[in-house]
Amino acid sequence: MKVSFPIAPEPDFDTAEAARKLFAGPVDFLKGVVAMDGLPPADRPEVCFAGRSNVGKSSLINALTGRNHLARASNTPGRTQEVNYFTLGEQAYLVDLPGYGFAKAPVPVVAKWQALLKKYLSGRPTLRRAFALIDSRHGVKDVDHEIMRLLDRAAVPFQVVLTKTDKISRQELEAVVVQVEEALQKHPAAYPELVITSSEKGHGIATLRAIIAGLE
């Protein structure tokens, strides 16, 4: 039976305002981690953001937190080589995972990142949800299926977030939503709701904040 993936609705005023205040509070870079023994204590809920290089991950984190330079955006694919932890007050962690799908990185480096990713996803008990970022201009690619299969095997619920939707037409967006919905039929860990965002225009930011705030 086909699973439906509706677009997440905008939150009501009170829910949106509570989430806005949470993200407007203290948000700080905690540390970059290159091995499992460097992870901070699993003492609060956390969510992670995964996506291929240049999908707009850093821009989305900056938009969510209202900070222009909290997460470092780069024009060089694969430059973020660590699992980067940010504190959302004292209530939660936001985790920026290394970008994947970068052709220019040396094979041993890619292998090391993939190994860390697998260990993190399967061994973090406080991980509430992963957000799998998909560039709306391209839809789900083979490399995206790879990370989704990792999430399936780790039994980590993941929710697809479409990025850069201001760069395409409404008709193109409707087509990519259909493509994504079809692709997600293969992934049992996929949460049955899509989030449509534009970091540049602010579209969907309140919705994603409310989803994250509701996971605590």
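Between Ser4 and Pro192 the shortest heavy-atom distance is O-CB, 3.6 Å. Closest of all the heavy-atom pairs between Ala19 and Ala213 is CB-CB, 4.0 Å. Contact record, Ala42 with Thr126: O-CG2, 3.4 Å, taken as the closest heavy-atom pair. Across all their heavy atoms, Thr207 and Pro11 have their closest contact at OG1-CD, 3.6 Å.
No side-chain heavy atom of Val33 sits under 4.5 Å from any side-chain heavy atom of Glu82. Contact of the Arg52 side chain with the His138 side chain is registered, since non-hydrogen atoms from C-beta on lie closer than 4.5 Å. Between Tyr120 and Leu127 the shortest side-chain heavy-atom distance falls below 4.5 Å. Contact of the Ile7 side chain with the Val195 side chain is not registered, since no non-hydrogen atoms from C-beta on lie closer than 4.5 Å. Side-chain contact between Asn84 and Val95: absent, with no pair of heavy atoms (C-beta onward) separated by less than 4.5 Å. Considering only heavy atoms from C-beta on, Leu194 stays 4.5 Å or farther from Pro6 through its side chain. Considering only heavy atoms from C-beta on, Asp96 comes within 4.5 Å of Phe86 through its side chain. Counting heavy atoms from C-beta on, the side chains of Arg44 and Thr87 come closer than 4.5 Å.
If you chain together hydrophobic residues whose side chains sit under 4.5 Å apart, Leu215 and Leu94 fall into the same group. Linking ILVMFWY residues whenever their side-chain heavy atoms come closer than 4.5 Å, directly or via other members, places Val160 and Val3 in the same cluster. If you chain together hydrophobic residues whose side chains sit under 4.5 Å apart, Val176 and Val143 fall into the same group.
Residue Leu88 holds its CG atom at 12.5 Å from CG of Leu30, rounded to the nearest 0.5 Å. Separating the CD1 atom in Ile147 from the CG atom in Asp152 is a distance of 10.5 Å, to the nearest 0.5 Å. Atom OG in Ser198 sits 11.0 Å away from atom CG in Leu173 (nearest 0.5 Å). Here the CG-CZ distance, from Leu121 to Arg153, works out to 10.5 Å after rounding to the nearest 0.5 Å. With rounding to the nearest 0.5 Å, the separation of CZ in Arg128 from SG in Cys48 is 12.5 Å. We find the CG-CG distance between Leu117 and Leu97 to be 5.5 Å, quoted to the nearest 0.5 Å.
Dense packing is recorded around CD of Gln185, with more than 12 heavy atoms of other residues, nucleotides or ligands lying under 6.0 Å away. More than 12 non-hydrogen atoms from other residues, nucleotides or ligands lie less than 6.0 angstrom from NZ of Lys31.
In summary, Glu46 and Arg124 engage in a salt bridge, as defined by a charged side-chain N under 4.0 Å from a carboxylate O. Here Arg137 does not pair with Glu172 in a salt bridge; the nearest charged N to carboxylate O distance is not below 4.0 Å. Between Lys167 and Glu200, at least one side-chain nitrogen of the basic residue sits less than 4.0 Å from a carboxylate oxygen of the acidic one, meeting the salt-bridge criterion. Salt bridge absent: Arg149 and Glu146 never bring a charged side-chain N and a carboxylate O closer than 4.0 Å.
Under the side-chain contact (heavy atoms from CB on, under 4.5 Å) criterion, Ala190 pairs with Phe5, Phe158, Leu184, His187, not counting sequence neighbours. Here Glu193 pairs with Ala8, Pro9, Gln159, Tyr191, Ile211 under the side-chain contact (heavy atoms from CB on, under 4.5 Å) rule; sequence neighbours left out. Legend: residues meeting side-chain contact (heavy atoms from CB on, under 4.5 Å) with Lys119, ordered by chain and number and at least two apart, are Met36.
Partner Val55 forms a side-chain contact (heavy atoms from CB on, under 4.5 Å) with one of Asp135, Ile134, Leu162, Leu60 and no other, that one being Asp135.
Side chain to side chain, Thr15 and Asp12 meet the donor-acceptor criterion of an N or O pair below 3.5 Å.
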Next item on the list: Output, in order, the C-alpha distance, side-chain angles, deciding distance and verdict of side chain to side chain contact (heavy atoms under 4.5 Å, CB included) for Val177 and Ile196.
Entry: CA-CA 9 Å; Val177 165; Ile196 307 297; 4.3 Å; yes
Next item on the list: Test Arg209 against Leu22 for side chain to side chain contact (heavy atoms under 4.5 Å, CB included), laying out the working first.
Entry: CA-CA 9 Å; Arg209 283 176 182 156; Leu22 174 63; over 6 Å; no
Checklist line | Test log, rule side chain to side chain contact (heavy atoms under 4.5 Å, CB included), inputs Val178 and Glu174 | finding: CA-CA 6 Å; Val178 171; Glu174 290 173 353; 5.9 Å; no
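Counting only distance, with no hydrogens or angles, the side chain of Thr165 and the backbone of Thr197 share a donor-acceptor pair below 3.5 Å. Under a 3.5 Å cut-off, the side chain of Ser136 and the backbone N or O of Thr163 do form a donor-acceptor pair. Side chain of Asn62 to main chain of Leu70: a donor-acceptor pair is present (N/O by atom type, distance under 3.5 Å, no hydrogens or angles).
Using bins of under 30°, 30° to 60° and over 60° for the plane-to-plane angle, the ring pair Tyr85/Tyr93 lands in the perpendicular bin.
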